[in-house]
Structure formats: C-alpha cells, structure tokens
Amino acid sequence: MKNLLFLILVLLTTKGYSQYFPVDTAALNQSYRVLKPDSQNKKKQMDFLNAFPSTFSDFTMVYQFVKDPNYDLTMYGLGSEHILNGLAKLDKVPQSIYFKKLIFLCLQGQWEADAPSYLQHLVRSKMRTNTNAMFEILNQLHEGRQISFWYFYYHCRFAKDLKKDLSTYTEQMNAKFPKVVQAMKKAHTASCGMVWY
C-alpha cells in the first residue's frame, strides 16, 4: 500500500511529458521526402495520401501548435509544406479516392489558424475547379456528414468572402444535387462569418 501511495505521489508531483501522434509521423515524413523529388509518380502520391491523416481530429493533433517549451513542433512546422506542396498536388491519384479523402478529412472540422486554414484553402480551391466530382461524393453521404463538411468549408470570420461560392454552387448544382445544396445552405447559415476571437 505504501508503494502505491508513493507512486501516486510521484506521478502527481513530477512533470511527466509525453507527446502522442495518432498517425505514423515517421512514415508520413518519409513518404513526403520520397514524393518531393518525384512528384509525378502515382505510387509515391498514393503512399503520401495513405500516410496522411484521415480525420480532422488526427489532422489537428499532428499539425497543431502547442505553446509548451517541451512540445516538439516539427510537425506543426511541416504543416504548410505537407498540405500546400504535398496534398494539394496529388494529381495522379484517382479523383474518387482523392476527393473522398479530402471530404472525410473535413468532417467535424472548424477554422483555426495554420494547418486547418491551409486545408480550407485547398478544399475550397478543389471544390471550385472540381465541383461536380466533389458533389457526386457528397451526395453519397448522409445529411449529417454533408452538413459537417460544409460547416468546415464555410467556417470563417468574414461572411462576404464566401458569398459567391454559395450562390454559384446553388445555381449550378441544385437541379442535380438538391439535398447536398440544402445541407450546404444549412451549414453556411451556421458557420459562415461565425469565427470569433
């Protein structure tokens, strides 16, 4: 009993520190290093995509900023590189796989500075140039997931920045994907211009 009490006391009074990543960051970094000099290689693009986080919670844990002198910020520092020069340029990956990964990555997401804002920028860019393909995938998801995706897409500080997207997608996609458009409108109302500091 004394040993147990001593162990509890030690654990409570010492500053233990551990850092956990939900994905294999060594594999992620290695796949990016291999991809960078041979960026048009389909297998290397697929390897990077597979190593990249698949959920928003994993994504934020990998690329988050933690204001603690003991926290290793290596992955935080690589966030923009991995997203804007890696994930954004996977043009050899089949669209159905690539866009599904992007969409699922956004579920339960919200705007934050740094990595989440880079992800938003990427997803908005892909949506504007591949609207029909992304709507096709969204149409296969239930309404809650559609709303979750659009919530992240539109979550911003200044509503006017994304007003054009809403009207363009509504006009172009409502006839073919009315349920996705309705989910988009609900999420837009809930999230656009709703970032507060």
Side-chain angles (χ1 to χ4, degrees), residues 17-68 70-141 145-146 148-156 161-162 165 169 180:
Y17 190 85
S18 106
Q19 191 166 334
Y20 167 77
F21 291 114
V23 300
D24 184 345
T25 56
L28 175 59
N29 289 327
Q30 177 61 22
S31 65
Y32 182 72
R33 277 192 295 274
V34 168
L35 173 65
K36 197 172 178 183
D38 192 11
S39 62
Q40 293 303 299
N41 183 296
K42 182 179 178 180
K43 182 187 180 317
K44 291 176 183 177
Q45 286 192 10
M46 283 298 300
D47 289 345
F48 178 72
L49 185 69
N50 290 331
F52 201 85
S54 296
T55 67
F56 190 78
S57 61
D58 288 353
F59 171 82
T60 54
M61 284 181 73
V62 169
Y63 296 112
Q64 69 184 329
F65 176 81
V66 175
K67 193 174 181 176
D68 182 320
N70 296 315
Y71 192 86
D72 181 354
L73 292 171
T74 301
M75 294 308 298
Y76 168 77
L78 291 170
S80 62
E81 181 82 9
H82 283 184
I83 298 161
L84 303 177
N85 295 321
L87 191 61
K89 297 183 178 179
L90 302 181
D91 57 349
K92 303 297 183 204
V93 174
Q95 282 190 340
S96 59
I97 295 170
Y98 180 67
F99 294 142
K100 188 172 184 178
K101 175 91 170 195
L102 287 183
I103 288 168
F104 274 80
L105 191 54
C106 297
L107 299 182
Q108 299 181 341
Q110 61 182 6
W111 180 90
E112 290 179 41
D114 304 320
S117 69
Y118 303 140
L119 178 61
Q120 267 188 339
H121 175 77
L122 168 59
V123 170
R124 289 170 183 161
S125 173
K126 296 299 181 184
M127 178 63 78
R128 290 171 186 142
T129 56
N130 302 277
T131 310
N132 196 68
M134 291 189 77
F135 266 74
E136 287 274 2
I137 295 168
L138 284 164
N139 195 49
Q140 298 169 21
L141 306 180
R145 285 187 165 176
Q146 292 174 18
S148 183
F149 168 81
W150 288 116
Y151 184 94
F152 177 70
Y153 185 96
Y154 284 110
H155 196 226
C156 65
D161 295 346
L162 294 166
D165 284 2
Y169 301 149
V180 179

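Residues: numbered from 1 along the sequence shown.
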Legend entry - With sequence neighbours excluded, residues passing ring-ring contact (aromatic ring centres under 6.0 Å, His included) with His82: Tyr32, Phe48, Tyr63

Inset, instruction - Quick one: closest heavy-atom pair of Arg128 and Leu162, and the distance? - result: NH2-CD2, 3.6 Å

Legend entry - Nearest heavy-atom neighbours spanning Asn41 and Lys44: OD1-N, 2.9 Å

Legend entry - Phe152: ring-ring contact (aromatic ring centres under 6.0 Å, His included) partners, not counting sequence neighbours: Phe56

Inset, instruction - Please lay out, stage by stage, how Trp111 and Cys156 fare under the test side-chain contact (heavy atoms from CB on, under 4.5 Å). - result: CA-CA 6 Å; Trp111 180 90; Cys156 65; 5.8 Å; no

Inset, instruction - Kindly determine whether Val34 and Asp47 satisfy side-chain contact (heavy atoms from CB on, under 4.5 Å), including the steps that lead there. - result: CA-CA 9 Å; Val34 168; Asp47 289 345; over 6 Å; no

Inset, instruction - Kindly indicate whether the side chain of Ser39, heavy atoms from C-beta on, has any atom under 4.5 Å from the side chain of Asn85. - result: no

Inset, instruction - Evaluate the side-chain contact (heavy atoms from CB on, under 4.5 Å) criterion for residues Val23 and Met61: first the C-alpha distance (whole Å), next the side-chain angles of each, then the deciding distance (0.1 Å), finally the verdict. - result: CA-CA 9 Å; Val23 300; Met61 284 181 73; over 6 Å; no

Inset, instruction - Considering non-hydrogen atoms only, spot the tightest contact between Ala115 and Ile83 and give its length. - result: O-CD1, 3.7 Å

Inset, instruction - Taking the side chain as every heavy atom from C-beta outward, state whether Leu105 and Leu87 have any atom pair closer than 4.5 Å. - result: yes

Legend entry - Selection residues 79-98 - residue pairs positive for salt bridge (Lys or Arg N to Asp or Glu O under 4.0 Å), sequence neighbours left out: Lys36-Glu81

Inset, instruction - State whether the side chain of Thr131 and the backbone N or O of Met127 hold a donor-acceptor pair below 3.5 Å, judged by distance alone. - result: yes

Inset, instruction - Please list, chain by chain and in numerical order, all residues satisfying side-chain hydrogen bond (donor to acceptor under 3.5 Å, both in side chains) with Ser57, sequence neighbours excluded. - result: Thr55

Inset, instruction - Output the distance between atom CG (Asp38) and atom NZ (Lys43), rounded to the nearest 0.5 Å. - result: 11.5 Å

Inset, instruction - Please collect all salt bridge (Lys or Arg N to Asp or Glu O under 4.0 Å) contacts where either partner lies in residues 95-116, sequence neighbours excluded, each pair once. - result: none

Legend entry - Contacts of type side chain to side chain contact (heavy atoms under 4.5 Å, CB included), residue Pro37, not counting sequence neighbours: none

Inset, instruction - Not counting sequence neighbours, which residues clear side-chain hydrogen bond (donor to acceptor under 3.5 Å, both in side chains) with Tyr98? List them please. - result: none

Legend entry - From Ile103 atom CD1 to Lys126 atom NZ, the distance as rounded to the nearest 0.5 Å: 13.0 Å

Inset, instruction - Using modelled atom types only, decide if a donor and an acceptor are shared between the side chain of Gln45 and the backbone of Leu35 within a distance under 3.5 Å. - result: no

Legend entry - Nearest non-hydrogen partners of Ser31 and Ala51, listed with the distance: OG-CB, 3.6 Å

Legend entry - side-chain hydrogen bond (donor to acceptor under 3.5 Å, both in side chains) partners for Thr129, two or more places apart: none

Legend entry - Value rounded to 0.5 Å, distance of OH in Tyr151 from SG in Cys106: 13.5 Å

Inset, instruction - Without swapping roles, check the side chain of Ser125 against the backbone of His121 for a donor-acceptor pair under 3.5 Å. - result: no

Legend entry - Residue list, ring-ring contact (aromatic ring centres under 6.0 Å, His included) with Tyr118, at least two apart or on another chain: none

Would you give me the side-chain donor-acceptor pairs under 3.5 Å for residues 133-141, sequence neighbours excluded?
residue : atom : partner : partner atom : Å
Glu136  : OE2  : Lys176  : NZ           : 3.3

Inset, instruction - Please name all residues satisfying side-chain hydrogen bond (donor to acceptor under 3.5 Å, both in side chains) with Tyr153, sequence neighbours left out, ordered by chain then number. - result: Asp165, Tyr169

Legend entry - Of all pairs that satisfy salt bridge (Lys or Arg N to Asp or Glu O under 4.0 Å), the ones with a partner from residues 48-63, not counting sequence neighbours: none

Legend entry - Heavy-atom side-chain contact between Phe59 and Phe52 under 4.5 Å: yes

Inset, instruction - Measure the CZ-CZ distance between Phe99 and Phe104 for me, rounded to the nearest 0.5 Å. - result: 15.0 Å

Legend entry - Spacing of Leu90 atom CG and Gln95 atom CD [to the nearest 0.5 Å]: 12.5 Å

Legend entry - Interatomic spacing from CG in Leu102 to CD1 in Ile97 - rounded to 0.5 Å: 12.5 Å

